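Shown next, in structure tokens, is the structure this report addresses.
Keep in mind that what you see is a predicted model, and the values were worked out from it rather than measured. Counting from 1, the numbers follow the sequence of the chain as shown.
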Amino acid sequence: MKYLSLKKTLQNTLPYFAAAAASMLLLFLPPVGSLSGLLFWLWVACGAILIVCGFTLFGKGLLSAEYLCTLTALEAFLLRFYYVFYTPWEVRQHDVVGVGGHLEYIRFFCENGLTLPQKADLGLYEFYQFYHPPLYHFISGMWMKLNILLGAAEARTLENLQILTLFYSGCIMILFYRLLRELGLKGTTLVAAFSAAAFSPTLILLSGSINNDELCLLFSLLSLLAALRWYKEPSYTGAFCSALALGAAMLCKGTAVTAVPALILIFSAKLWQERKHWKPVFCQLAVFTITALPLCLAWNLYSVISLKLPPGYVPLMSSKHPLYIGNIPLWQRLFHISPGTFFYPYLCWHPDEHNILLTWIKTSAFGEFRWEFNRMASAVQPQLHYVASILFTGVLGTALFRSLYRAISRRKTEETLPSFFLITTAVFTISFFIIFCLKWPHIFTQNARYTSTGLLCAIAVTGLFLQDCKPRTAKVICAIIALYCCSSAFFFLACTR
């Protein structure tokens with residue numbers, strides 16, 4: 001029994017060690033440029049082999065969906081690896097450089113260790129990134145210190161910060177696959193849903209970021225997965241793991257709060273189902289609350305007491321800022337689309353770019369950035385990727401609305417609750433995002449990276465929706481997902497900077 005337990009533990013943890021080892025390869029590669037061409041052709045060759053052989057064998061029934069997902073994960077990780085390699089640390093980042101940016105926050109922990117910032121340390125920082133919870137920045141600070149101790153040059157140390165987010169990105173793919181398996185997805189629906197997440201441009205962009213988005217997403221997803229497993233097999237360990245992961249997510253970034261309503265739903269539903277034998281479930285719920293509550297509130301309390309900041313503080317920029325769009329009526333923010341911005345794929349840094357949904361689509365495909373391509377790709381690739389992203393967003397929206405209707409109309413709660421659990425996370429994330437965009441009305445707040453947890457939940461719901469679709473509808477959805485994945489892969493491959 002001990003041997004079997006050890007073997008299962010190794011099987012469960014091996015993918016994470018593999019992701020860590022693959023990410024660490026960046027330590028041994030020379031600077032950007034000398035190997036970028038080689039890595040490009042390596043990805044193309046491996047991708048062609050994996051796609052042709054994998055899907056051919058899967059179509060003939062000679063390869064299981066699980067193994068095909070493994071091949072897809074390898075291909076997606078290699079794409080992330082290539083993207084991080086050709087992207088310098090200061091390129092396509094969010095609030096990293098400058099006084100009080102994420103890099104300055106990381107340096108603070110590198111120089112001060114476990115010491116938290118004090119009011120006297122902040123100065124202008126409180127109006128930039130030092131208001132964030134510290135977990136990501138502390139881990140990155142310790143990683144930076146290790147690089148310095150090992151003699152890495154300044155430039156190399158900064159580049160190596162991307163290794164952590166690349167590793168987090170690999171772990172997210174593993175956790176998402178396990179979430180899909182926990183939901184009962186198999187066959188084509190499993191492959192389609194996993195591929196959509198693996199090649200999501202938002203998640204690929206975050207794999208090279210130097211901020212807390214990726215680690216927050218990792219812990220949020222882990223908390224949801226642990227809660228779903230606890231729902232099927234209640235245990236103190238499951239409740240504790242879900243609570244610990246939620247607390248860690250909240251110690252990375254406040255947007256992790258979007259996972260809380262779904263967790264409340266699933267624990268409350270289980271308590272109601274077991275109301276005749278409620279004591280064990282209630283005690284496990286108490287363990288969850290006792291563990292999660294202090295961790296979730298810790299940074300807010302510290303900010304109020306030590307930093308003298310209001311609860312849930314987020315800096316509010318001036319209404320005189322050129323990118324301020326708070327003077328635009330609500331109905332226009334939600335429903336009006338300017339033709340000029342609609343037909344231009346990248347984000348327009350202009351007040352006409354005020355529609356929340358359209359801006360979300362653009363930033364989910366391209367981020368906030370304009371990209372450089374080789375001459376052949378620049379004429380076609382951005383437009384193709386833009387169209388594919390619009391179609392994919394339509395699929396996600398349709399799946400969410402139809403799945404919500406089915407979950408409400410069906411009476412068998414035990415069958416529909418996992419689906420409703422994910423729908424709750426997605427819907428609450430969307431609501432939170434809209435409120436956030438309206439309360440902080442600037443163009444750059446309408447970024448899809450704030451909804452990454454909801455995006456993954458919406459993709460999982462789409463996989464469940466596919467299982468109940470008619471064959472013809474399922475083929476159309478799978479074709480759109482295939483177009484979305486291929487356009488995303490070719491987009492990042494065609495980029496030269």
Side-chain angles (χ1 to χ4, degrees), residues 23 26 80 83-84 87-110 116-117 122 124-145 147 157-172 200-221 248-259 299 303 312-315 317 347 360 363-364 366-369 429 432-433 436 440 442-456:
S23 302
L26 283 172
R80 285 162 168 75
Y83 169 72
V84 171
T87 303
W89 70 268
E90 74 278 11
V91 175
R92 287 186 287 275
Q93 300 291 350
H94 301 278
D95 306 319
V96 169
V97 297
V99 177
H102 287 292
L103 183 57
E104 196 77 22
Y105 202 177
I106 292 169
R107 286 189 190 278
F108 178 88
F109 286 109
C110 178
L116 291 173
L122 292 183
L124 293 175
Y125 292 166
E126 64 182 274
F127 299 105
Y128 205 25
Q129 300 307 311
F130 270 56
Y131 71 92
H132 280 293
L135 183 57
Y136 163 80
H137 302 88
F138 172 75
I139 294 172
S140 297
M142 295 301 99
W143 174 247
M144 176 183 278
K145 192 167 187 175
N147 276 263
T157 298
L158 296 177
E159 290 290 347
N160 288 348
L161 288 174
Q162 292 177 301
I163 292 175
L164 292 179
T165 44
L166 178 62
F167 168 64
Y168 301 153
S169 184
C171 292
I172 287 168
S200 167
T202 300
L203 301 185
I204 296 173
L205 278 167
L206 289 179
S207 67
S209 62
I210 301 178
N211 61 38
N212 47 3
D213 289 315
E214 196 81 325
L215 189 58
C216 177
L217 173 60
L218 171 62
F219 284 126
S220 297
L221 191 61
M250 288 293 290
L251 286 173
C252 290
K253 193 169 185 177
T255 52
V257 72
T258 55
W299 180 251
S303 298
Y313 172 78
V314 176
M317 297 189 68
L347 189 68
W360 184 90
T363 54
S364 72
F366 306 105
E368 298 175 348
F369 319 105
T429 302
F432 177 88
F433 179 65
F436 178 74
W440 285 270
H442 291 79
I443 292 174
F444 46 77
T445 59
Q446 303 174 133
N447 196 308
R449 67 190 176 98
Y450 298 123
T451 63
S452 50
T453 304
L455 174 63
L456 286 180

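In this structure the side chain of L103 reaches within 4.5 angstrom of the side chain of M144, judged on heavy atoms. A heavy-atom distance below 4.5 Å is not found between the side chains of M250 and L135. The side-chain heavy atoms of Y131 and S303, taken from C-beta on, include no pair separated by under 4.5 Å. Taking the side chain as every heavy atom from C-beta outward, F219 and L251 never approach each other to under 4.5 Å. Using a 4.5 Å heavy-atom cutoff, the side chains of L456 and L221 are in contact. Between E159 and P88, the closest side-chain pair of non-hydrogen atoms falls below 4.5 Å. Between L164 and Y168, the closest side-chain pair of non-hydrogen atoms falls below 4.5 Å.
Here the closest heavy-atom approach between residue C216 and residue A256 is recorded as SG-CB, 3.7 Å. When every heavy atom of S169 is checked against every heavy atom of R80, the shortest pair comes out as OG-NE, 2.6 Å. When all heavy atoms of Y105 and H132 are compared, the closest pair comes out as OH-O, 2.9 Å. The two residues C171 and L218 come nearest to each other via the heavy atoms CB-CD1, 3.7 Å. Here the closest non-hydrogen pair linking L455 and S200 is CD2-OG, 3.6 Å. Taking each heavy atom of W299 and P117 in turn, the nearest pair found is CH2-CG, 4.3 Å.
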For this session: Could you go through the side chain to side chain contact (heavy atoms under 4.5 Å, CB included) check for I172 and L217 one step at a time?
Result: CA-CA 8 Å; I172 287 168; L217 173 60; 3.7 Å; yes
For this session: Carefully, step by step, assess F130 and H137 under the rule side chain to side chain contact (heavy atoms under 4.5 Å, CB included).
Result: CA-CA 10 Å; F130 270 56; H137 302 88; over 6 Å; no
Exercise. Checking side chain to side chain contact (heavy atoms under 4.5 Å, CB included) for the pair R449/T363: CA distance, chi angles, key distance, verdict?
Worked result: CA-CA 8 Å; R449 67 190 176 98; T363 54; over 6 Å; no
Problem set entry | Worked check of side chain to side chain contact (heavy atoms under 4.5 Å, CB included) between H94 and I210 | CA-CA 8 Å; H94 301 278; I210 301 178; over 6 Å; no
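Looking only at distances, no side-chain donor or acceptor of Q446 sits under 3.5 Å from a matching main-chain atom of H442. No donor-acceptor pair under 3.5 Å is formed between the side chain of S140 and the backbone N or O of I106. With hydrogens and angles disregarded, no donor-acceptor distance shorter than 3.5 Å links the side chain of E214 to the backbone of S209. For N147 (side chain) and T157 (main-chain N/O), no donor-acceptor pair under 3.5 Å exists by modelled atom type. Using modelled atom types, no side-chain atom of E90 and backbone atom of V96 make a donor-acceptor pair closer than 3.5 Å.
Checked against side-chain contact (heavy atoms from CB on, under 4.5 Å), Y83 has the following partners two or more places apart in sequence or in another chain: Y86, T87, R92, I204, L205, S207, W371, F492. With sequence neighbours excluded, the residues satisfying side-chain contact (heavy atoms from CB on, under 4.5 Å) with F432 are T255, V257, T258. With sequence neighbours excluded, the residues satisfying side-chain contact (heavy atoms from CB on, under 4.5 Å) with T451 are W360, T429, F433, A448.
The distance from atom CZ of F436 to atom OG1 of T445, rounded to the nearest 0.5 Å, is 5.5 Å. We find the CG-CZ distance between D95 and F444 to be 8.0 Å, quoted to the nearest 0.5 Å. The distance from the NE2 atom of H102 to the CG atom of L161 is 12.5 Å, given to the nearest 0.5 Å. Taking CG of L206 as the reference point, atom CG of L203 lies at 6.5 Å (rounded to 0.5 Å).
Side-chain polar atoms of N211 and Q93 form no donor-acceptor pair below 3.5 angstrom.
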